[in-house]
J.: 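Have a look at the structure that comes next, please.
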Amino acid sequence: ASRRNDHERTVHLYTVRNYFTAEQILCLDEARIDARSQHREHGYGQGRRVHGLRYYIRNQAGHSCLAFISLGGVLGVCISPARGINKEMFLLDFRTHILPHLNPFPGPRSVVTMDNAIVHYVPELFDLIRQAGAYLHFFPAYGYDLNPVEKVISKARAWLARNRDVAESNPLLAIRRAFASVTATHIAGYYLSCGIA
């Protein structure tokens, strides 16, 4: 929070409120999710102290998830069995899965919003968005609370924590179900809470 720039945040909020509509904005972000290590951190013991055994899995690769959403819901999730993604992987996922959803500005899903991760600064990506007639907008630095996808990922993690049996037996299926549990109504609330009217 101390590294946030208030001026950048103000400019961002002014831009999304006055120049874009919620229907135009498509948000995306990556997260590393290990479905097999989603354990509850709190419990209820009916007046007694709760003790639980947790299995710690050292050095597990997990999955890299690129989630992209619009006001209509979760458009898709690209899942890679890796520790993270590089520029080539991100560009391939964008071209294959996100680009078909884009429309020319000012149509619906015509503004791509993402954070300032280094893998997002790819000249080929800017060309793809420009050729689609769409507009690219970056969130301000350290503006995680302004990105609705962060809330979607948080809800997916909570689903995995509640459904550990599925997550441990079939991690890929569990991750897909976790993101499928996020509805358009949830996303509308997330947009509103992030300042997107």
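Values below: all heavy atoms of this structure, side chains included; hydrogens, waters and symmetry mates excluded. Note that the structure is a prediction, hence the values are computed from the model and not measured.
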J.: Over all heavy atoms of both residues, which pair between His63 and Pro171 is shortest? Give the atoms and the distance, please.
T.: CE1-CB, 3.9 Å
J.: Taking all non-hydrogen atoms of both residues into account, name the closest pair between Ala174 and Ala167 and its distance.
T.: CB-CA, 3.5 Å
J.: Can you list, pair by pair, the side-chain donor-acceptor contacts under 3.5 Å of residues 179-187, counting residues two or more places apart and other chains?
T.:
| from | atom 1 | to | atom 2 | distance (Å) |
| --- | --- | --- | --- | --- |
| Ser181 | OG | Ala178 | O | 2.6 |
| Thr183 | OG1 | Thr185 | N | 3.4 |
| Thr183 | OG1 | His186 | N | 3.3 |
| Thr183 | OG1 | His186 | ND1 | 3.0 |
| His186 | ND1 | Thr183 | N | 3.0 |

J.: Do Leu66 and Val77 make a side-chain contact, defined as non-hydrogen atoms from C-beta onward lying under 4.5 Å apart?
T.: no
J.: Run the numbers on Val16 and His137 for side-chain contact (heavy atoms from CB on, under 4.5 Å), then give the verdict.
T.: CA-CA 9 Å; Val16 298; His137 178 76; 4.2 Å; yes
J.: Name the atoms and distances for all side-chain donor-acceptor pairs under 3.5 Å in residues 190-197, with sequence neighbours left out.
T.:
| from | atom 1 | to | atom 2 | distance (Å) |
| --- | --- | --- | --- | --- |
| Tyr191 | OH | Ile25 | O | 2.9 |
| Ser193 | OG | Gly189 | O | 3.4 |
| Ser193 | OG | Tyr190 | O | 2.9 |

J.: Any chain of hydrophobic side-chain contacts (each under 4.5 Å) joining Val152 to Leu146?
T.: no
J.: Any salt bridge (charged side-chain N to carboxylate O under 4.0 Å, His left out) involving residues 133-155? Give me the pairs, sequence neighbours left out, ordered by first then second residue.
T.: Arg4-Asp145, Arg9-Asp145
J.: Same cluster for Val112 and Leu125 if Ile/Leu/Val/Met/Phe/Trp/Tyr side chains link at under 4.5 Å?
T.: yes
J.: Does Phe126 have more than 12 heavy atoms from other residues, nucleotides or ligands lying within 6.0 Å of its CZ?
T.: yes
J.: Considering only heavy atoms from C-beta outward, does the side chain of Cys65 approach that of Ile175 to under 4.5 Å?
T.: yes
J.: Taking Asn103 for the side chain and Arg109 for the main chain, is one N or O donor matched with an acceptor at less than 3.5 Å?
T.: no
J.: Heavy atoms, side chains only, cut-off 4.5 Å: are Ile33 and Arg157 in contact?
T.: yes
J.: Is any side-chain heavy atom of Asp93 closer than 4.5 Å to one of Ser80?
T.: yes
J.: Does the side chain of Leu91 reach to within under 4.5 Å of the side chain of Lys87, using non-hydrogen atoms?
T.: no
J.: Residues in side-chain hydrogen bond (donor to acceptor under 3.5 Å, both in side chains) with Asp127, at least two apart?
T.: Arg130
J.: Of all residues at least two apart in sequence or in a different chain, which pass the side-chain contact (heavy atoms from CB on, under 4.5 Å) check with Thr21?
T.: Glu23, Gln24
J.: Is a side-chain donor or acceptor of Asn163 paired with a backbone partner of Trp159 at a separation under 3.5 angstrom?
T.: yes
J.: With clusters built from Ile, Leu, Val, Met, Phe, Trp and Tyr whose side-chain heavy atoms come within less than 4.5 Å, directly or transitively, what are the remaining members of the cluster of Leu92, listed by chain and number?
T.: none
J.: Any idea which heavy atoms bring Tyr19 and Phe105 closest together, and the distance?
T.: O-CZ, 4.3 Å
J.: Which heavy atom of Asn147 sits nearest a heavy atom of Cys27, and at what distance?
T.: OD1-CB, 3.9 Å
J.: Taking only residues two or more places apart in sequence or in another chain, which ones pass side-chain contact (heavy atoms from CB on, under 4.5 Å) with Arg17?
T.: Leu13
J.: What side-chain donor-acceptor pairs closer than 3.5 Å can you find for residues 115-123, not counting sequence neighbours?
T.:
| from | atom 1 | to | atom 2 | distance (Å) |
| --- | --- | --- | --- | --- |
| Asp115 | OD1 | Ala117 | N | 3.2 |
| Asp115 | OD1 | His120 | ND1 | 3.1 |
| Asn116 | OD1 | Tyr121 | OH | 2.8 |
| Asn116 | ND2 | Phe139 | O | 2.7 |
| His120 | ND1 | Asp115 | O | 2.9 |
| His120 | NE2 | Glu30 | OE1 | 3.3 |
| His120 | NE2 | Glu30 | OE2 | 2.8 |

J.: Can you find a heavy atom in the side chain of Thr113 that is under 4.5 Å from one in the side chain of Leu26?
T.: no
J.: Over all heavy atoms of both residues, which pair between Pro140 and His12 is shortest? Give the atoms and the distance, please.
T.: CD-CG, 3.6 Å
J.: Rounded to the nearest 0.5 Å, how far does CG of Asn170 lie from CZ of Arg176?
T.: 10.5 Å
J.: Quick one: does Phe94's side chain get under 4.5 Å of Leu28's, heavy atoms only?
T.: yes
J.: If you group Ile, Leu, Val, Met, Phe, Trp and Tyr whenever their side-chain heavy atoms sit less than 4.5 Å apart, what else falls in with Val11?
T.: none
J.: Applying ring pair (Phe, Tyr, Trp, His ring centres under 6.0 Å), name anything that partners Phe68, two or more places apart in sequence or on another chain.
T.: His101
